[in-house]
Colleague: 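Please see the structure below; I have some questions.
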Amino acid sequence: MRYLPLTETDRRTMLGVVGAKSVDDLFRDVPREAYLTTLVDLPMHAGEIEVERELAKLANRNVAAGSVPFFVGAGAYRHHVPASVDHLIQRSEFLTSYTPYQPEIAQGTLQYLFEFQTQVAMLTGMEVANASMYDGSTAATEAVLMAARVTGKKRIVLSGNLHPHYAETIRTTAETAGLEIVTGKAAAGMGETADHLLDDNTACLVVQNPDFFGSLRDLTPLSDAAHTKGALLVAVVTEIVSLGSVTPPGEMGADIVAAEGQSIGNALNFGGPYVGLFATRSKFVRQMPGRLVGETVDAEGRRGYVLTLSTREQHIRRDKATSNICTNSGLCCLAFTIHLALLGEDGFHKLAGLNHERAVMTADRLAKIHGVEVLTPSFFNEFTVKLSKPAAEVVEKLTKENVLGGVPVSRLMPHDKSMGNLLIVAATELTTPSDIEAFATALTKVLA
Amino acid sequence: MMNKQGRSTHGAADEHAHFETISGDRGLDHEEPLIFEIGRLGKCGVDLPEPEIKHDRLGGLRRRGTVGLPGLSEPEVVRHFVRLSRMNYAIDAGLYPLGSCTMKHNPRLNEKMARLPGFADIHPLQPVSTVQGALALIEQLAHWLKLLTNMPAVAMSPKAGAHGEQCGLKAIKAAHKAHGQKRNVILVPESAHGTNPATAALVGFTVEEVPANERGRVDLAALKAKLGPNVAAVMLTNPNTCGLFENDMREIADAVHKAGAYFYCDGANFNAIVGRVRPGDLGIDAMHINLHKTFSTPHGGGGPGAGPVVLSEALAPFAPLPLIVHYDNGFKLIEDDAEAKARDLKPFGRMCAFHGQMGMFVRAMAYMLSHGADGLAQVAGDAVLNANYVLASLKDVMSAPFGQGPCMHEALFDDAFLKDTGVTTLDIAKALIDEGYHPMTMYFPLVVHGAMLIEPTETESKRALDDFIAVMRGLAEKAQGNDKSRFQGAPFLAPRRRLDETAAARKPVLRWTPSAKSTAQAAE
Amino acid sequence: MMIETRYTKDHEWVRLDGGIATIGITDYAAEQLGDVVFVELPKVGKAIEKGGEAAVVESVKAASEVYAPIAGEVVEVNSAIEGEPANVNAEPMGAGWFIKLKVKNAAEVGALMTEAQYRDYLKGL
């Protein structure tokens with residue numbers, strides 16, 4: 001077997017040194033009735049050729065986004081990733097290293113994490129950021145738990161226009177942690193309606209911008225309303241590229257920003273792995289979840305980086321830790337860091353501008369179709385349309401026309417019958433005018 | 001005098017070893033500033049067309065001012081990150097004996113497969129008719145995990161080990177609730193990984209610790225004494241964090257079930273028993289599997305991981321959304337509570353947006369296909385043999401608190417052999433860096449003093465182990481021979497000497513901020 | 001009258017002066033902890049039970065709760081050690097004090113170890 005270096009001779013020699021009769025003998029602490037004497041019912045080992053063939057068969061049964069006109073978003077976005085990003089993250093020293101617990105021989109990881117933290121703080125307009133979470137939804141959940149710690153309150157208000165998966169993820173964890181969740185009513189293309197739910201017992205208001213339906217809004221009145229009640233504003237961003245065009249949450253009064261960073265440097269991957277971004281104000285830093293990298297010096301006075309404020313974390317604080325998180329999204333945040341380094345100030349604004357441009361083009365073209373109404377007046381790269389037919393059926397029929405035409409709201413909000421005909425449509429820098437035309441043609445046909 | 005590599009250990013090189021270079025770099029060791037210190041406005045590493053937007057539709061929310069990002073060309077970015085990478089130790093470059101972390105070889109075939117457009121370039125909310133191959137892969141992986149553990153169900157969405165623990169404990173909480181039980185205590189052995197108590201607290205339980213016995217296992221009598229009507233579950237790592245198999249597993253399981261509680265097994269060390277022992281045969285109710293340990297998806301400097309959780313019959317109905325079910329000739333995703341309830345399922349909620357770590361599933365699948373049933377059993381066998389070989393080869397010069405019997409996948413030593421030498425576990429670890437190795441896990445588990453936990457994994461050759469053993473023996477002898485200079489202040493030969501963690505924590509600097517100087521440079 | 005310092009098994013010291021007790025950690029505790037990097041102190045006005053959590057003191061690798069050896073209301077905290085936690089290591093028995101409590105029951109102080117008793121206690125560790 002190609003991954004196993006020991007030969008039979010090696011094994012015999014080593015067993016001799018150990019003083020065991022056989023490898024089975026080393027498992028003698030296992031209760032005999034639980035020790036397998038036969039192999040499990042899986043196929044036998046296979047060479048690279050067979051493995052590639054087997055997996056390619058499965059991969060070929062999926063429709064890759066790049067093979068068709070593609071308008072699917074709602075929390076994950078198809079962007080271009082420069083070739084050097086994927087090359088660099090596969091360098092052995094990044095791919096096959098562990099969490100940087102030995103800083104003397106992990107400065108590479110520690111320094112890029114420090115750069116990542118800086119980039120995230122800059123993008124979100126916040127003061128500090130951590131070294132990443134699993135994804136946007138779990139980052140948002142951690143933000144809610146942190147708001148409860150900071151305020152000492154137990155009531156959480158969620159915007160109705162928060163991504164339904166995010167809302168469910170938050171609810172699942174917050175309720176078992178003893179918090180009360182109150183949710184506003186969803187409204188496509190409309191302003192936030194959850195602020196009236198705030199009261200003096202509220203720990204935080206969680207608002208997404210652009211929201212689930214793609215709408216943009218000024219968070220300032222919401223943060224003012226939250227702060228008046230002694231609550232924090234948690235801003236969720238699922239499309240981080242938007243911050244190249246849109247005022248960041250930090251400039252609109254957000255106290256914590258929880259975001260999905262997949263759009264920069266990371267492929268769609270059918271939902272994971274992604275990279276959660278988490279940023280806040282300096283005064284809350286000791287209440288943050290997750291790893292933090294800090295700058296320091298070594299014994300010779302040279303600048304270096306270390307994991308710091310570790311007493312917040314599970315390996316020291318155990319049941320009193322700020323979070324149980326251990327693994328972060330190392331390679332995904334490296335991909336983010338490299339891609340954003342390549343983009344820089346100019347590239348990032350340009351990228352965001354292109355996304356907005358293609359979405360405006362798409363919205364304007366679809367609006368011309370009979371049976372299509374664009375509901376979102378202001379948006380970044382995603383908007384919601386109301387169709388004359390149920391959106392789920394339309395999307396299925398578009399698939400037969402070789403167009404992946406967006407996400408029917410009913411897939412994520414199946415109980416709200418008023419949402420049945422709503423379709424969320426996303427465009428990015430990869431959307432071409434001919435993609436838009438193909439989509440419009442197919443949609444016209446399907447709606448006729 | 002020559003060492004075994006044939007390199008001179010004294011001589012001309014020494015005289016020049018400490019001269020200052022003009023650049024500050026030393027041979028292949030380059031210092032590298034932050035991207036923020038080398039970037040310039042106006043440069044860009046990506047060529048994009050200029051957007052043409054006459055009237056934006058941003059609702060008056062256009063970002064004013066700059067973000068502050070540095071501008072760099074592609075070659076500058078590539079050089080920056082290549083130089084950073086060279087300051088890292090990696091399993092590809094050498095043995096990485098970090099106990100409980102399972103640093104094994106990461107096959108590049110896994111990486112190649114995960115990048116097939118049919119896996120990497122598919123969206124989680126595409127119509128399910130267009131992702132049947134992806135659902136089939138998840139189902140196949142789920143099926144294989146069930147076979148390897150002899151468990152009837154698996155929740156695939158947890159994103160890491162600790163996330164899996166959370167998933168398992170939530171299923172347990174939901175099951176108790178469904179049976180009208182209000183149990184709020186989780187028993188955790190004192191040798192447990194820190195995530196166990198942290199997770200229990202997060203899920204709203206209180207934690208009570210169970211002591212270890214003199215054999216490094218859970219004290220069965222103490223555990224039984226603590227079981228009662230308030231105990232919701234017992235959380236146990238097996239093989240445990242001392243690298244030992246909990247041989248009372250069956251008896252513990254029976255006692256736990258008799259007390260009306262559930263048995264959670266932390267599967268972080270499943271790599272030691274994969275293909276040879278099925279946790280379902282030991283009476284457990286839930287166990288997470290770290291795909292990045294047992295099934296070789298890379299650790300990537302701290303992630304991403306994946307932590308599917310296998311569940312017993314009793315807990316299976318409570319598995320979180322989404323669920324994959326067979327439908328006509330293909331697969332369907334259940335993403336909604338009401339639809340699950342119509343099938344008599346009671347999901348406790350959702351662990352994350354979308355469907356879990358698909359990229360990691362593909363890598364794990366590629367690994368499992370490569371090894372097959374025979375290879376996986378050999379993986380556990382060789383991992384355990386390698387650890388025992390290290391234990392047997394070092395226990396005369398170091399001190400192994402539980403060294404009388406075989407260990408599983410890792411060998412545990414304490415610092416008794418360093419008594420009165422003035423050398424500590426930390427010193428040994430840092431001296432190992434100078435010898436070209438990543439240190440072992442130190443000061444964990446907490447149940448032995450000055451712990452050193454060595455996990456070689458099955459992907460090390462005998463030659464690599466012999467070299468490592470020779471170094472460890474040498475260091476032990478130097479420590480006992482009062483050669484303290486070798487240790488104090490080590491490492492001497494790494495990209496950095498010991499770093500001032502106290503200063504970092506007292507006045508945290510967690511991001512770069514523009515100084516007057518760099519603002520001036522940026523304006524050039 | 002000389003003010004006597006009393007000690008606890010958790011390595012805290014207490015000095016009672018006119019109904020106000022000053023509380024800190026001992027030289028031994030400070031040395032065991034290593035470099036103190038952060039101190040979390042309670043709010044002034046907080047009522048603390050005997051044995052209740054009064055403060056948290058952190059080094060790089062450990063966080064320890066400081067439990068109130070006596071009951072009382074917090075009347076003052078040493079904010080200087082919040083800004084300069086190094087003071088705890090430099091002068092644990094002096095400038096590195098943690099909190100001042102208005103004591104509920106002075107007899108609780110009397111029940112703690114004297115300096116001689118604490119020294120004996122340390123010898124037995």
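We name chains A, B, ... by the order of the sequence lines, and we start the count at 1 in each one. In this text, all values refer to a predicted model and were calculated from it rather than measured experimentally.
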Colleague: Considering only heavy atoms and a distance below 4.5 Å, find which of Glu345(A), Glu175(A), Glu127(A) pairs most often with chain B.
Modeller: Glu345(A)
Colleague: Under a 4.5 Å heavy-atom cut-off, does chain A meet the side chain of Pro495(B), its backbone, both or neither?
Modeller: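 When you check distances to chain A, atoms from both the backbone and side chain of Pro495(B) fall under 4.5 Å.
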Colleague: Indicate yes or no: does Arg78(A) engage Asp121(B) in a salt bridge with an N to O separation below 4.0 Å.
Modeller: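 Answer for the salt bridge query: yes.
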Colleague: So how far is it from Arg61(A) CZ to Thr130(B) OG1, rounded to the nearest 0.5 Å?
Modeller: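 Rounded to the nearest 0.5 Å, the CZ-OG1 separation comes out at 12.5 Å.
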Colleague: One pair to check against side-chain contact (heavy atoms from CB on, under 4.5 Å): Thr176(A) and Leu202(B). What are the steps and the verdict?
Modeller: CA-CA 8 Å; Thr176(A) 48; Leu202(B) 174 65; over 6 Å; no
Colleague: Asp298(A) side chain to Arg497(B) main-chain N or O, any donor-acceptor pair under 3.5 Å?
Modeller: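 Indeed, once roles are kept as given, a pair shorter than 3.5 Å links the two residues.
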Colleague: Can you tell me which of Ala321(A), Ala74(A), Gly75(A), Pro248(A) forms the most heavy-atom pairs within a distance under 4.5 Å of chain B?
Modeller: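 So the answer, after comparing Ala321(A), Ala74(A), Gly75(A), Pro248(A), is Pro248(A).
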Colleague: Can you tell me if Asp281(B) uses its side chain to pair, donor with acceptor, with the backbone of Glu33(A) under 3.5 Å?
Modeller: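 No, because the side chain of Asp281(B) does not come within donor-acceptor range (under 3.5 Å) of the backbone of Glu33(A).
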Colleague: Where the side chain of Asn324(A) meets the backbone of Thr195(B), is there a donor-acceptor pair that is under 3.5 Å apart?
Modeller: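 It does not hold such a pair.
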Colleague: Quick one: do Glu52(A) and Lys112(B) make a salt bridge, cutoff under 4.0 Å?
Modeller: yes
Colleague: For each of Val306(A), Val407(A), Val297(A), tally heavy-atom pairs with chain B at distances under 4.5 Å, and name the one with the top tally.
Modeller: Val297(A)
Colleague: Restricting to salt bridge (Lys or Arg N to Asp or Glu O under 4.0 Å), what partner residues turn up for Glu54(A), sequence neighbours left out?
Modeller: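 Once residues adjacent in sequence are excluded, Glu54(A) has no partner under the salt bridge (Lys or Arg N to Asp or Glu O under 4.0 Å) criterion.
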Colleague: Going by atom types alone, do His356(A) and Arg57(B) pair a side-chain donor with an acceptor below 3.5 Å?
Modeller: no
Colleague: Between the side chain of His165(A) and the main-chain N/O of Phe354(B), is any donor-acceptor distance below 3.5 Å?
Modeller: yes
Colleague: Hey, which of Asn269(A), Thr99(A), Leu412(A) has the most heavy atom pairs under 4.5 Å with chain B?
Modeller: Asn269(A)
Colleague: Is there a donor-acceptor contact under 3.5 Å from the side chain of Asn62(A) to the main chain of Ala134(B)?
Modeller: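 Present.
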Colleague: So does Arg411(A) pair up with Asp336(B), basic N to acidic O under 4.0 Å?
Modeller: no
Colleague: Between Asp346(A) and Lys43(B), is there a salt bridge with N-O shorter than 4.0 Å?
Modeller: no
Colleague: Donor-acceptor check, side chain of Ser85(B) to backbone of Glu93(A), threshold 3.5 angstrom: yes or no?
Modeller: no
Colleague: I'd like to verify something: which residue of Gly204(B), Gly71(B), Ala505(B) has the highest number of heavy-atom pairs under 4.5 Å with chain A?
Modeller: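 With the most close heavy-atom pairs to chain A, the winner is Ala505(B).
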Colleague: Report yes if the side chains of Phe119(B) and Leu58(A) come closer than 4.5 Å at any heavy-atom pair, otherwise no.
Modeller: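 With C-beta onward as the side chain, the pair touches.
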Colleague: Could Glu104(A) and Arg498(B) be called an ion pair, given the rule that one side-chain N must be under 4.0 Å from one carboxylate O?
Modeller: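 Looking at Arg498(B) together with Glu104(A), the answer is no, because their closest N to O distance does not fall below 4.0 Å.
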Colleague: Give a yes-or-no answer on whether the side chains of Asn88(B) and Thr109(A) include a donor-acceptor pair shorter than 3.5 Å.
Modeller: yes
Colleague: Would you check if the distance from the ring center of His371(B) to the ring center of Tyr3(A) is below 6.0 Å?
Modeller: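 Ring-ring flag for His371(B)/Tyr3(A): true, centres closer than 6.0 Å.
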Colleague: Please round to the nearest 0.5 Å and tell me the distance separating atom CG of Asp86(A) and atom CD of Glu111(B).
Modeller: 8.5 Å
Colleague: Taking every heavy-atom pair that is under 4.5 Å apart, which of Val395(A), Ile89(A), Val293(A) has the most such pairs with chain B?
Modeller: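 Of the options given, most contacts go to Val293(A).
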Colleague: Sequence neighbours excluded, which residues qualify as ring-ring contact (aromatic ring centres under 6.0 Å, His included) partners of His193(B)?
Modeller: Phe444(B)
Colleague: Using the side-chain hydrogen bond (donor to acceptor under 3.5 Å, both in side chains) rule, take Ser370(B) and Arg2(A) through it: C-alpha gap first, then chi angles, then the decisive distance, then the call.
Modeller: CA-CA 9 Å; Ser370(B) 296; Arg2(A) 63 189 179 277; 2.8 Å; yes
Colleague: Indicate the ring-plane relationship of Phe70(A) and His123(B), choosing parallel, tilted or perpendicular according to the 30° and 60° boundaries.
Modeller: tilted
Colleague: With distance as the sole criterion, is a donor-acceptor pair present between the side chains of Thr173(A) and Lys170(B) under 3.5 Å?
Modeller: yes
